[in-house]
Each structure stands twice: as C-alpha cells, then as structure tokens.
Amino acid sequence: MRVPVVAANWKMHKTAAESAAFIEAIRATSEDVGDREIVIAPAFPALQAAVEAARGTRIQISAQDLHWEARGAYTGEVSADMLTAIGCSHVIIGHSERREYFGETDGTVHLKILAALEAGLTPIVCVGETLDQREAGNTGVVLREQFTAGMGALSPEQFGKLVLAYEPIWAIGTGRTATPDIADEAHSALRSMAAARFGDSAAEALRILYGGSVKPGNFAGLLEREGIDGGLVGGASLDPESYAALLCA
Ligand code: 13P
C-alpha cells in the first residue's frame with residue numbers, strides 16, 4: 001500500500017513569516033488526514049522558519065534544490081548537510097524550471113540524488129516532456145532518457161528511497177492539466193522502467209506523483225488512479241484553503 005504524498009512546491013513565493021503563518025493555518029487539517037504524507041517546499045530563506053512552525057505536526061519540510069558537493073567554493077549554493085542540519089527531510093531535484101533556466105541536466109540530477117541520499121534526505125525527482133516532445137510522439141523516449149541517465153545507475157536500495165514526480169512541462173502553470181488517462185499512461189511507463197531496472201517489488205513500492213496544474217477540482221480524479229500516488233503542486237498550494245482542500249481530496 002503506497003501512502004499518497006501531497007507536496008507543495010512554493011517556488012519563489014512566500015517569506016519566512018508568510019511560510020510560518022501558512023503552516024499554522026493548515027495545522028488542524030493536517031492532523032485530520034493521517035492517510036496522506038504532507039510535504040511543503042518553501043524557498044531557502046524560509047526553510048528554517050517552516051521547520052520550526054511544523055515541529056510536532058505531520059508536516060515535513062523540503063528544499064527545492066541542493067548542490068551535489070558537501071562544501072566548497074560554489075557561490076550561492078546549498079549542500080545536503082546544510083538542509084538536514086536545519087531539519088529538512090526532502091529535497092526536490094531536477095524540476096523542469098531548474099532544467100530550463102539554470103542548466104540542470106540528467107547528469108547533475110544524478111549527482112544531486114546521490115548527495116541527498118548520502119545525507120538522509122528523500123529526493124523528489126522530477127521528469128517530464130515538453131509540448132513539442134509530446135506532439136512528436138516522443139514522450140516515452142524522453143522519460144526513458146531522464147529516468148535512465150538520472151536514476152539508472154542507483155543501487156536498488158538507493159532507488160527505494162526516492163519519490164518520482166511526473167510533471168509534463170506543458171501542464172505546469174498553464175491551467176492545462178494532464179487528464180487522468182494521460183498522467184496514468186506516463187506513470188505506468190515510468191513504473192515499467194523501474195520494474196525493468198530495479199525489479200517488480202521496487203516498482204510496486206515506488207511513489208510517482210503527478211504535477212502540472214493540479215487544483216482542488218481535478219486532484220481527486222487523478223488520485224483515483226492506481227498508478228498516481230499524489231501530487232507535486234505549485235500554484236494551488238500557495239493558498240491555505242486550497243492546499244487544505246488538496247489534502248482532503
Ligand atoms: P503548477 O501546479 O503551478 O502547475 O506547478 C506545478 C509544478 O511545477 C510543481 O512542481
């Protein structure tokens with residue numbers, strides 16, 4: 001039985017004070033949804049305040065990125081140990097916005113996964129195709145390449161610790177959600193890749209989240225599908241009422 005994850009990716013939104021106030025606002029709801037794992041990813045400067053606000057609750061705090069080295073002359077970067085030291089439990093890796101605007105590649109995704117696992121962080125690894133790739137019929141090829149180059153060299157034990165997120169780029173922030181059929185098809189392709197590389201039980205245990213214009217109105221329909229194990233939510237996670245509705249979907 002895979003416990004669904006409802007993960008909020010706040011991207012470049014919310015100060016430390018705003019993050020703490022949000023967590024306070026959803027605290028009561030978070031106690032009522034014991035069958036959901038709750039993960040919130042604020043921006044770096046808000047992580048510590050979020051960890052403190054979430055103390056004693058079921059809410060776990062994630063970073064949105066990390067560097068793969070433990071320390072060194074990497075101006076502007078943050079290491080895995082710095083994240084665990086303040087109480088983060090998760091880290092998002094390979095988000096399409098990092099790939100598009102900041103030169104993230106499958107190679108850096110791989111290094112970041114290793115660094116996160118070494119520090120005991122749960123990586124939430126993002127994959128997904130562009131609209132052009134989908135329209136050219138290349139979705140499967142693109143996902144396979146991202147999966148193989150980003151995760152293929154992990155050990156089965158390492159692979160067993162990560163969460164995968166399927167985020168079709170054409171659905172992110174566009175209001176154009178993948179239908180449950182489209183999402184389910186991609187999830188089952190990814191689960192087959194996991195089975196082929198890491199075995200049936202690893203694939204069966206793998207949680208694959210869907211991300212891309214998830215809203216309270218469409219989330220339940222996605223979650224109904226056997227192969228969809230939660231959501232990685234941007235815009236609709238920014239308002240406490242909307243996020244609380246997602247938790248209860
Ligand atoms: P939206 O929910 O705003 O489409 O963003 C999805 C996303 O990128 C989550 O990581």
Side-chain angles (χ1 to χ4, degrees), residues 4-14 18-19 22 26 36-44 46-47 50 59-66 83 88-102 104 106 108-109 112-113 116 121-131 133-134 139 142-143 146-147 150 162-180 182-183 186-187 190 207-223 228-249:
V5 183
V6 186
N9 175 10
W10 284 350
K11 308 189 180 185
M12 201 168 71
H13 295 281
K14 297 194 191 293
E18 288 164 352
S19 301
F22 179 104
I26 61 147
R36 299 274 190 272
E37 223 175 280
I38 306 167
V39 180
I40 295 180
F44 284 129
L47 286 174
I59 302 163
Q60 304 177 83
I61 302 302
S62 174
Q64 298 175 13
D65 188 26
L66 82 171
L83 298 175
C88 291
S89 56
H90 292 63
V91 60
I92 297 170
I93 295 176
H95 192 279
S96 60
E97 287 150 16
R98 303 256 13 127
R99 294 177 190 255
E100 182 177 356
Y101 305 129
F102 303 102
E104 190 90 281
D106 293 326
T108 57
V109 166
K112 289 179 179 192
I113 294 171
L121 291 166
T122 299
I124 302 173
V125 185
C126 304
V127 295
E129 80 288 359
T130 63
L131 188 58
Q133 290 165 335
R134 171 160 286 273
T139 299
V142 169
L143 294 180
Q146 291 173 341
F147 180 86
L162 62 77
V163 173
L164 203 53
Y166 169 61
E167 297 209 319
I169 294 166
W170 48 269
I172 295 177
T174 58
R176 188 178 163 186
T177 325
T179 61
I182 290 175
H187 284 223
L190 288 164
R207 284 177 301 176
I208 309 178
L209 317 184
Y210 168 77
S213 297
V214 169
K215 305 272 180 281
N218 60 30
F219 195 37
L222 289 156
L223 275 182
I228 301 179
D229 308 306
L232 180 55
V233 189
S237 75
L238 291 170
D239 169 67
E241 271 180 35
S242 163
Y243 187 62
L246 293 170
L247 290 176
C248 298

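Bear in mind the structure is a predicted one, so any value in this text is a computation, not a measurement. Order of appearance sets the numbers: ligands from 1, and atoms from 1 within every ligand.
- Considering only heavy atoms from C-beta on, Val233 stays 4.5 Å or farther from Leu238 through its side chain.
- Annotation: side chain of Leu162 is not in contact with side chain of Thr122 (no heavy-atom distance under 4.5 Å).
- Residues passing the ring-ring contact (aromatic ring centres under 6.0 Å, His included) test with Trp10 are Phe22, sequence neighbours excluded.
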Do any nitrogen or oxygen atoms of ligand 1 lie under 3.5 Å from a protein nitrogen or oxygen, and which ones?
unit_1	atom_1	unit_2	atom_2	d
ligand 1	2 (O)	Gly234	N	2.9
ligand 1	3 (O)	Gly235	N	2.8
ligand 1	4 (O)	Gly173	N	2.7
ligand 1	4 (O)	Ser213	N	2.8
ligand 1	5 (O)	Lys11	NZ	3.3
ligand 1	8 (O)	Lys11	NZ	2.8
ligand 1	8 (O)	His95	NE2	2.8
ligand 1	8 (O)	Glu167	OE1	3.4
ligand 1	10 (O)	Asn9	ND2	3.0
ligand 1	10 (O)	His95	NE2	2.9
ligand 1	10 (O)	Glu167	OE1	3.2
ligand 1	10 (O)	Glu167	OE2	2.9

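- There is no side-chain donor-acceptor pair under 3.5 Å between Glu100 and Ser96.
- Of the N and O atoms on the side chains of His95 and Gln64, not one donor lies less than 3.5 Å from an acceptor on the other residue.
- Looking at heavy atoms from C-beta onward, Val6 lies in side-chain contact with Phe219 at the 4.5 angstrom threshold.
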